[in-house]
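Proteins get letters first, then strands, A, B, ... in listed order; numbering begins at 1 in each.
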Protein chains: 2
Amino acid sequence: MHNSEAMALSAALLAVAGELTQRIHDGVVDRGFEGLRPVHGFAFARLAPGGATVTDLAVHLGVTKQAASQLVDEIVRKGYAERRPHPGDARARLVVLTERGWACARAAEEAAADAVRTWGDLLGEGEVRALLAQLLRIAPNGPIRPSW
Amino acid sequence: MHNSEAMALSAALLAVAGELTQRIHDGVVDRGFEGLRPVHGFAFARLAPGGATVTDLAVHLGVTKQAASQLVDEIVRKGYAERRPHPGDARARLVVLTERGWACARAAEEAAADAVRTWGDLLGEGEVRALLAQLLRIAPNGPIRPSW
DNA sequence: CTACATGGTCAAGCAGCTTGACCATTCCCG
DNA sequence: CGGGAATGGTCAAGCTGCTTGACCATGTAG
């Protein structure tokens with residue numbers, strides 16, 4: 001594999017990732033959820049299972065906990081999440097999605113499915129599944145960096 | 001393909017793209033090119049073929065031309081590029097890479113190849129080529145958005 | 001030649017992140 | 001236990017990279 005091929009792979013990967021992010025964001029806006037940015041989606045992904053603390057979010061997003069705290073302020077103010085006392089640790093607060101937050105997360109899933117469906121039209125479903133399998137094997141476990 | 005699979009694919013794709021960006025950046029720093037951010041790499045990719053104007057860069061990066069102009073200021077000040085008069089249009093300036101700029105671009109290629117090589121170790125070279133082929137077929141032609 | 005379009009820069013403002021300081025609670029160990 | 005260190009969280013100030021708006025120089029069309 002030559003260097004130029006590696007660069008082509010990198011460029012294609014980044015272009016596809018960027019377009020996917022944009023399409024999910026557009027789809028979420030189209031479904032009536034405004035005032036959010038892609039980074040909020042990454043936060044929702046971490047909040048969805050059962051809530052998370054501000055520090056958890058900060059690690060997941062690769063930012064300081066102050067930045068994560070501001071981000072939580074924002075989604076709380078806009079009605080997508082709320083801070084509840086943390087059971088078992090009076091220092092911490094558990095940030096959980098509201099019903100509107102869940103609706104937004106479902107909208108993001110639908111938008112992602114729409115985008116992936118267009119790939120299925122181009123590649124065939126089998127190839128898309130192969131793509132998923134390959135990516136899962138090389139995906140890291142680290143934080144999802146929202147901006148570069 | 002269910003919504004949850006689409007989300008898994010999206011998350012994996014974004015995680016891989018983010019890690020790749022990080023690894024290329026780290027590799028470039030390791031090779032002695034400092035004071036750069038990933039967005040500069042996207043700019044280099046557009047400058048490399050034979051130079052570009054500020055407006056070209058702005059479109060390619062999806063930012064205003066003022067922002068692109070500042071970015072050019074930066075890489076010029078750091079010795080990676082220079083502004084030359086544009087042949088055939090006295091309004092425009094052609095931004096071209098310096099020798100140091102070319103060296104940095106080669107370093108980025110090497111770093112990208114290193115990262116891709118680790119995927120080859122995991123997947124096998126054939127699978128990596130398949131990945132490249134699939135991505136090329138779904139990659140858009142639009143601007144590469146440096147930050148979300 | 002005039003009128004508008006295009007390439008580029010200057011200036012000011014803003015949003016999102018950082019560093020630094022601080023308080024409350026919990027953990028660990030003598 | 002008790003008391004210092006570690007952890008979760010917020011407040012405040014500052015910086016950086018981007019935006020909008022204004023402007024000048026050059027090109028293009030009538």
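Between the CG atom of L36(B) and the C1' atom of dG17(D) there is a distance of 15 Å, rounded to whole Å. When rounded to the nearest whole Å, the span between CZ of R91(A) and P of dA6(D) equals 13 Å. At whole-Å resolution of the value, CG in L61(A) and C1' in dC17(C) are 12 Å apart. In this structure, R37(B) atom CZ and dC17(C) atom C1' are separated by 13 Å, rounded to whole Å. For the pair L57(B) CG and dT9(C) P, the interatomic distance rounds to 11 Å; values are reported in whole Å. For D73(B) and dC18(D), the CG to C1' distance is 14 Å, given to the nearest whole Å. Between D56(B) atom CG and dT6(C) atom C1' there is a gap of 12 Å when expressed in whole angstrom units. As rounded to whole Å, 14 Å separates atom P of dT10(D) from atom CZ of R77(A).
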Enumerate the protein-to-nucleotides 19-23 of chain C contacts in which both atoms are nitrogen or oxygen and the separation is below 3.5 Å.
{"residue": "dT19(C)", "atom": "O4", "partner": "Q66(A)", "partner atom": "NE2", "Å": "3.4"}
{"residue": "dG20(C)", "atom": "O6", "partner": "Q66(A)", "partner atom": "NE2", "Å": "2.5"}

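Within 4.0 Å (heavy atoms only), A67(A) reaches at least one base atom of the nucleic acid. Residue A92(A) is classed as a sugar-phosphate contact, given heavy-atom separations below 4.0 Å to backbone atoms only.
Of the listed nucleotides (dT10(D), dG8(D), dG27(D)), dG27(D) has the atom at the smallest distance from the side chain of D89(B). Considering only side-chain atoms of R83(A), the nucleotide from dG9(D), dT10(D), dT26(C) that sits closest is dT10(D).
Atom CZ of R84(B) has 12 or fewer heavy atoms from other residues, nucleotides or ligands within 6.0 Å.
With T21(B) contributing its side chain and A17(B) its backbone, the two residues share a donor-acceptor pair below 3.5 Å. Side-chain atoms of H40(B) never come within 3.5 Å of backbone atoms of L71(B) as a donor-acceptor pair (strictly under, hydrogens ignored). In this structure, S10(B) contributes its side chain and A6(B) its backbone to a donor-acceptor pair below 3.5 Å.
Between S69(A) and dT10(D) there is a side-chain polar atom (N or O) within less than 4.0 angstrom of OP1 or OP2. Contact check, T53(B) against dG8(C): a side-chain N or O comes under 4.0 Å of OP1 or OP2. Of the side-chain N and O atoms in T55(A), one or more sit less than 4.0 angstrom from OP1 or OP2 of dG9(D).
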Only pairs under 3.5 Å count here: list side-chain donor-acceptor contacts from residues 122-133 of chain B, not counting sequence neighbours, and write none if there are none.
{"residue": "E125(B)", "atom": "OE2", "partner": "M1(A)", "partner atom": "N", "Å": "3.2"}
{"residue": "E125(B)", "atom": "OE2", "partner": "R129(B)", "partner atom": "NH2", "Å": "3.2"}
{"residue": "E127(B)", "atom": "OE1", "partner": "Q134(A)", "partner atom": "NE2", "Å": "2.8"}
{"residue": "R129(B)", "atom": "NH1", "partner": "E5(A)", "partner atom": "OE2", "Å": "2.8"}

Compile the donor-acceptor pairs under 3.5 Å between side chains in residues 43-55 of chain B and protein atoms, sequence neighbours left out, one pair per line.
{"residue": "T53(B)", "atom": "OG1", "partner": "D56(B)", "partner atom": "N", "Å": "3.1"}
{"residue": "T53(B)", "atom": "OG1", "partner": "D56(B)", "partner atom": "OD2", "Å": "3.2"}

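Salt bridge E110(A)/R106(A): absent, no basic N to carboxylate O contact under 4.0 Å. A salt bridge links R117(A) with D114(A): the closest approach of a Lys/Arg side-chain nitrogen to an acidic carboxylate oxygen falls below 4.0 angstrom.
For the helix from dC1(C)-dG30(D) to dG30(C)-dC1(D), the rotation axes defined at the first and last 5 base pairs enclose an angle of 30°, given to the nearest 10°.
Between H86(B) and Q70(A), it is H86(B) whose nearest contact on DNA chain C lies nearer the 5' terminus.
For D89(A), the side chain to side chain contact (heavy atoms under 4.5 Å, CB included) partners at least two apart in sequence or on another chain are H86(A), R91(A), A92(A). Annotation: side chain to side chain contact (heavy atoms under 4.5 Å, CB included) contacts of A12(A) (sequence neighbours excluded): L135(B), L136(B), A139(B).
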